Each structure stands twice: as structure tokens, then as C-alpha cells.
Amino acid sequence: MPRSDLFPELAVKSQSKPIHALRSKDGYSSSQEINGLVSDNLHNSSDAQIAKLVNLKFNSNAFALIRQLSQDLSAKETELILLREEKSRRENELLRLCNEFGNLSYVEVDRRLNALKPEKNVHKVVSAMVLDAMAISDSQGSNERLPKDVQRPKPQSRNKRTALRRTQQPFHKEEKSASTQNRKSLAEATDIRSSVGLPVSPNLHDTQNPKEEPIWPRWLHWLNQSEESVDLPNKSTDIQNKSSIENSRNKSVVELESMGDSFSPILTSTIFDADKFGFVNDKPLQNLKCKTSSLQDMPSPVESPVSISKSATEINLTLANVENSESGKALTTLALSQSLDKLKLLNEQYLATSEMHLKQWDILMRQAQTSGSPKSDQDVSLGTFGLKAQNLKKQGSSLRKMFGHEDELSDDSKSFKFLQRLIYESGIPPKHRNYLWFELSGAKNRAIAGEYQRLLANSQGTSDPTLIESIDQIKLDLHRTLPSNIYFNNQKTNGPGPQFAALKNILMAFAAYEPNIGYCQGMNKLLGNVMLGVNESHSHGGSKVSEENLFWLYVSIVEDILPCYSELNFFHPKAMMLLREDSLILRQYLNKLMPQLGKHLESLGVELELVVISWWIGVFTEAVSSIDLWLKLLDGLLIADNPRIKFHAYTLAAFYFYQRALCGFKERDSIYGFINLLKTGNGPNIKSNEFMSIAASFEKQIHTIELKSPS
Amino acid sequence: MSARKKTLLKVIVLGDLGVGKTSLMQQFVNKKFSHQYKATIGADFLTKDLTIDNKTVSLQIWDTAGQERFQSLGVAFYRGADCCVLCYDVTNEKSLNNLSSWKDEFLVQSNVSNPQDFPFIIIGNKIDVDESKKIPSLQKKLLNITNNQLGGLNYPLFETSAKDSINVETAFENVARMALQQEELNGASRNDMNDDYHDAINIHLENDNSGCAC
């Protein structure tokens, strides 16, 4: 059943005062006929009908009708906004929980929701809501209305703000006092959004466009992720099963919406808590983010590289089918409970897959740590994975590996390939991250005992003007590095956080280590993110990394992992021009692989190079919003055959996921607004496994293109 | 071009890192200040509509990263600029001394047709700080720099505080006005020449003149 039908009606129902009551208060008849005509279907009526309506019901006063319409609209919007507020609070809590507990099971989420609302049984509420919804769609069916009939004119954002102000109306008293804080932030977010030209409220927008991808609450995306990351063992999953998955999704939406009428104080108290990476959650409206491009709507420039994406596509297509048919009737309470079971099953499967990955990782790690690679002609102490560079070389050109000649690979290479596959599929699990980062980056080979202390001392008492300049610049940027993270910025005192000093020391020591490179803006964020990854790993049982080792890790990433341009280090001042040249090549790739987006950006005059260079200089910290995804990007870089091509592939993948949003903007300003939003970490959520597989597919295509080109 | 059409003005904000370019922009565009701005990597883009002398203009502002090494990227986005804002920090003498290098770099990379009259505006930020932290005898030094390094041209000078929202609005209204003038000038020259490549035509005219002089 189309959510667009469901949502406004539910919004009305979940409030204590229905629209009709408001109307009759104003002295107008609340007969069903008018209700239907005025609020829902008037735009489809003929002029004569409208004239008749005005004549009969509004004493020939068209202004009264207009007033009535606008009143209805604002009342509905008020309710929508309140609901959305409630929902965002809820989702924040869920988000926090998900972050905190990692793979939170559906059952756990359910239990928590129940705990928040002990007086009502969620299942009962859900069933009731579904039945209500079915009744609605039934009645619509009898009116023979097509889904598109329920599209409403898009309200102006000005109306929304007016509506916001109207939330002060007495009948919302109970929410008023408690949610002032949130409303303020809502208003702020609304302003920011409208100022950057984004759809102020994607949710609302979506309820009006049945064709668009339905918006699910963020935590449901979370569940989706678990569902889709499972490579379903039985591919024979029939349509009915899939539709029941969809039903269960819809059901869950109903569940969240339906709970909008109560307010839990627990939620507000947790809004400013830090997440697992130490970011202060000051964005209560993250759920109003722009949509991630979804796979099915795009002109697919790549063959979906894995069955995962395919199944996602299928599921989404099924959704479309279900929506277009008279599906409302197909939804039964039986299907509901089935789909709930299905969802639980999927979650279990996801957990099982994660477990399997973890086990594979454990086996691999044991191998790596015990075998120590004595077969290699390199130092035994390097370990299997410390040989990254050697291994890659041994495999000859990266292309050969790309197109797979496994029989030619040595045992070492095979285990490296296994590692590579695991990293692409699941990323390095936090508990192994510190060990593997240290090994794969080559930091272990680089580290020289005592050198770090010497460099640090050098940098502090230096008289070298270049070094002094670098250090001055570092000092200016330190407090502007991840300012919303508690590890670097004490949120209460606005002073240094516990890892501020390490950040400073490492950047300074690096400037002393490589005076030619010194400090480049972007390094600060790279190092900050690396430190967050190391923190997380340590808290998951990964090895503890001393400041000194962190320094060597950082050095290795900057010197050996990031791309070089004509032998110049990535951050070298003179590399900037070369970076720019490379960004011109990216434009060619974009035009070739995503021509629609390429043309769109070109027609709006977007300075693509600037966007791309900003992303590159920040090593993608400003291109993707989630640290989890960023860490996987770094994992991928560590085992990349050709980091320069990897950079291109990541960039293209990011554009791939933002394509839909970007193509939706008709002005250059809006495009830049969106890019800015990414920089503040407010961009769309992207599933990391999807990102990595899309990037891998682009990588292959780039290799093919480069192979063909004369150079 | 219809007079009612919104005029787009491109403004570039330059200056050393940490002088408060992003804060100035945020104060001007969004009327707020935060201690938590992040260091700008590459460049940010903001836009704001203003009414100048009954004319609606849309300021498109490029907020750039302050590190010298990013200057080489300028060529990618200085092009077509209508005004350039040079910023320094009233507590940081080096940022003051670097004004001329920012200006020169801009002129080199933007390739504007009228380097002598191209509108620059100079903003000294952070005047909210304690007097003792400010550059000693700032006015004298500033005068010295404008006279000796900035070609003695009378660029408008502003002292602002992005934090306390002092003078920011005024400064940027000025920016908009100057940019509008420059835009009209460019537009006029474009119309006269009926050609976008007015540089080439200028050379041609010069040749004609020299021909006459002979």
C-alpha cells in the first residue's frame, strides 16, 4: 500500500484532535463530502464542481474556501511537524542504541521501544494501525482512485515555518513544554536546509510522491542493511516472500509513526551524548537527511557487482509492484506476523554472516601471526601482511590479479587475496584493525625506536623558519580539527580533549620528519580520523597503540599508502598542481561512466575540480559522512594496488551514490550546498559494503579504460 | 539582459589560515558564530541574496583554504570574479604582511582584464580581542602596506568581528556594491565588444591607437 496514502491519514489519527473537529469549530459543515472534496480531491474536480461547492457550502464566498483550505493545510502540517519531531527523537535514541551496541537485533529494538512506552503493546498498536490503513486503502479502492490522485501540491517552506509557529496552539500543550528544545533545533535545521536549497523536509516530500523511494526511518535502513548484506542462501525466495518483507517494512514504519503521540523524556536527555567515535550528537534531525541515491532508480553505469545489490534491486522492484497493484488487500495480519518472522530470520542470518566473517578473520589472523611468512625472502619478522608491497609486486601487474590468474599466485599471495576479499566484503573488524593497519601500512617496517622522541624535541626547539611556519599553521588548525568530537575538544569547556596533545605532537613531529612536506590542511582531519579508528579498535579488544606507533602509522599512510604524483608525496606543496591535473582526468571518467551526472554538473557550471580536490586533500573525510564507512575506505586503500586509481574509484563511487540527489538540483548553489553538507558530516548514509563493491567495479572499469588509452 | 534578472556576483575571500574567513562568511550569510568551525579544506561555497540600490543581487562567495599551497588551485575558481576580499587577523602580523602576496597571486591567476581598477577590499578581523593582543601600531603598518605594497590604491578598509558581528554586514554590503560595479563594467565592455574575448580585442584597439600615434 502506498505510504503516501497512509501517512497523512495516520498523522491525523494519531493526534487527539482530528481535522474535522477544527473545521466544525469554524462553523463549516464537516460532512464527509466536503471533507473529501476540500482536503483531498478538489484539484481533480471540474471548475463547475468547485463553483458548485463554493456556492453551496461557502455561500458563494471563494475566500472562505481558500481560507478553509489553507487552514486545513497548516493544521496538517503542524501535525506532521510534530510527528516528525517525535519521530526524530525516537530515531535518535535508536541511532544511539545502534551505535552503542553495534549489531542491535530487531528484538532488542522492539524491546527498547516497548520499554519506552510500557502502557501500550507495540504489536497491538501495529495491527490496529495496519487495519486502519487497510480500511483507508479499501475505501480508496472503492473510489477507484489511483495513487497519483493523492498527490498534494507541494507546500512552500514558508508555510512550514508558519506551521512551526502554530505549534504553540493550545491543543499541543503537552508536547510544547517538553519539546521546545527540539523544536528550536528543528527550526534551525529547517533554516539551514532551506538556505542551502535542499528539500526542507524530504519526508513530507516523499509522502507526496509515491513514485519516489519510500523513506524509512534510519534505523530501518539499518535493518535493511542487515537484511541485504546477507547473501541469501536460497535464491528461490519467491515474490510472496519478498512482498512480505516489504510489508514488514511498511509495518515497521507504521509502528514508528503510531508511537508519535506520546513523548518520552529519556530521549531528550540523550540527545547530546557522544557516539561510539566520540562525536557529540548535535544533529537531532539526521533523519531529515537527503536521500541516498537508491540503486534501482539510476541508469546503472555498472553491472551490480554482487548479488547483494541485485537482491536489493529486486526487493525494491517488488516494492514498486506491490505498491502499484491493489496490494493493500493482500496485506493481512497473517502476512504481518510472517514478515516479522522473516525480518527476525534475516537479522539472524546477518548475524550469522557477520559471525562467519569474524571467524574467517580470526583464522586468517592466527595464520598471519603464527606463520610469520618464513617462505618469503624478506625479513621473517614482517609477518604475512607486512609484505603488502612485496606481495603486490610479486603478483606482477595489478591487472593480472584483477582478471584473476590465481594459479600463478604463490601461497603468500593467495592468503593476501583472501585478505583482500575479506576486506572488500566486510572491512577490517575493529578488533583486528590496529594490528592490520600497522602491518598493512608498513608502519612496522618504518618504525625506528627513539626517532619519534627526537623529532618531537626537534620540532619544539627549532629555529628553522620552514618548520616554524608549519608548526604555526598546525597550531592554528588544531582546535579546528574534529571540533565536535570529545577526544579532541572538550565540549563543556571548549578546551583541548584528551587526544588533542597527541594530534598536535604527531603533526609537529611529521613536519620535522618531512620538512619538505611540512603540514597541509587535510592532514589534521586524516590523522584525527585515523586516531578515532584506533580508539574504536582498542575498545573492541584491539591492541593498544602508543603515540609513537601512531606516528609511524600516520607516516606510513601519508608516505606509502596515499597516491604519489610524479614521485611527489600526496601532500607535497608542488603536488597540488598535479592533483589538479588528475582531477581533470576524473572529469573524463565521470563523463564516460556517469554521463548523465557529468552533463548535469557541466550544464550548471559546477567547478568539479574544486569539489574533487577538496575530497582528495581531506582523503575523503569530507566526501562521506560516516566514520564507519571512512574506516573501510582506508582499509581498502591499505591493500590497493594503485592508490591513484583507488582514489578515482572512490570518488566515482561517491558520485554514484549522490547522483540522484545531485541530479535533482537545478541550481549550482544547491549542488554546492549539498557538497557543504557532506563536509559537515550531514550527508546521506551509504552502506559500506555497497560503496566498496561499487568502487571495486569502477576500479575495474578505470583499469580497462587506462589499458585502452595509448599511454 | 533584462534589468529584473537577478545579477550574479562572484566574490573570492582570501587570506592566511586562521584569520576567520569562514567565520566572517558564516556571520554574513547565516548570522551566527561558532567556536567549532572546521579548518577549510580546498574551498567552500556560500551564497546570499542582497538588495543593493533596489537591485537584487546574488553574492556567490568562495571561502578558500588559507594555506599558501592551495593558491595554485586559484586558477580553477578565481576566473570571472567580480570582487576579491583580502582578510587578515588584527592579532597576527604575518597575516597582515601577506595581504599583498594574496593580492598578487589573485591577479596572476584570475587574469582579470583591469588589474589596476579591480575591486579589492581589505578586512581586518577579530577586533573583539583584547587591545593588548592586537598588532602594535596597526594603523601605521596597514597604511604602510597599502601605500607600498598594494600599489597605493585606495582599497576600502574594514575592521570587523565575526564573533560579535561588528561591521560584517557593512563590509559585505560594500563588497556587493563594488562587485556590482565591476560586473556592470564587465557587462558593458562585453556588450560594446559584442564578444567575450574582449582581452584580444583590447590588444587590437591598442594596436590601432599606436598606429594612429605613429
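From a predicted model like this one, the values you see are computed outputs, not experimental measurements. Numbered from 1 within each chain, the chains take letters A, B, ... in sequence-line order.
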Residue part contacting chain A, namely of [X], when any heavy atom lies under 4.5 Å:
X       : result
B:Ser34 : neither
B:Gln60 : side chain
B:Tyr37 : backbone

(message) Ignoring hydrogens, what is the shortest heavy-atom contact between B:Glu184 and B:Lys55? Give both atom names and the distance.
(response) OE2-NZ, 3.1 Å
(message) Only pairs of heavy atoms separated by less than 4.5 Å count here; which of A:Tyr519, A:Tyr672, A:Trp615 has the most with chain B?
(response)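 Max contact count across the listed options: A:Tyr672.
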(message) Under a 4.5 Å cutoff for heavy-atom pairs, which residue among A:Leu476, A:Asp472, A:Thr481 has the most contacts with chain B?
(response) A:Leu476
Is chain B contacted by the side chain of [X], its backbone, both, or neither, given a heavy-atom distance below 4.5 Å?
X        : value
A:Glu667 : neither
A:Glu607 : side chain
A:Gln521 : both
A:Ile617 : both
A:Lys574 : neither
A:Asn524 : side chain

(message) Please rank B:Lys48, B:Gln67, B:His35, B:Glu68 by heavy-atom pairs under 4.5 Å with chain A and give me the top one.
(response) B:Gln67
(message) Is the ring pair A:Tyr650/A:Phe620 parallel, tilted or perpendicular, if the boundaries are 30 and 60 degrees?
(response)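 If you compare the ring of A:Tyr650 with that of A:Phe620, the planes turn out perpendicular.
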(request) May I ask you to decide whether B:Glu159 forms a salt bridge with B:Lys126, counting only side-chain N to carboxylate O separations under 4.0 Å? (result)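 B:Lys126 and B:Glu159: not salt-bridged.
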(message) I'd like to know if B:Lys94 and B:Asp89 make a salt bridge, using a cut-off of under 4.0 Å between side-chain N and carboxylate O.
(response)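 No, this pair does not count.
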(message) Whether the B:Trp62 and B:Asp44 side chains hold a donor-acceptor pair (N or O, under 3.5 Å, no angle test) is what I'd like checked.
(response) no
(request) Check whether the side chains of A:Trp616 and A:Ser583 place a donor and an acceptor atom closer than 3.5 Å, and report yes or no. (result)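 No pair is found: no donor N or O on one side chain lies under 3.5 Å from an acceptor on the other.
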(request) Measure centre to centre between the rings of A:Tyr487 and A:Phe277, then say whether the value is under 6.0 Å. (result)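 No, ring centres 6.0 Å or more apart.
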(message) Quick check for you: to the nearest 0.5 Å, what is the distance between B:Gln181 atom CD and B:Asp117 atom CG?
(response)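 Going from CD on B:Gln181 over to CG on B:Asp117, the span is 10.5 Å.
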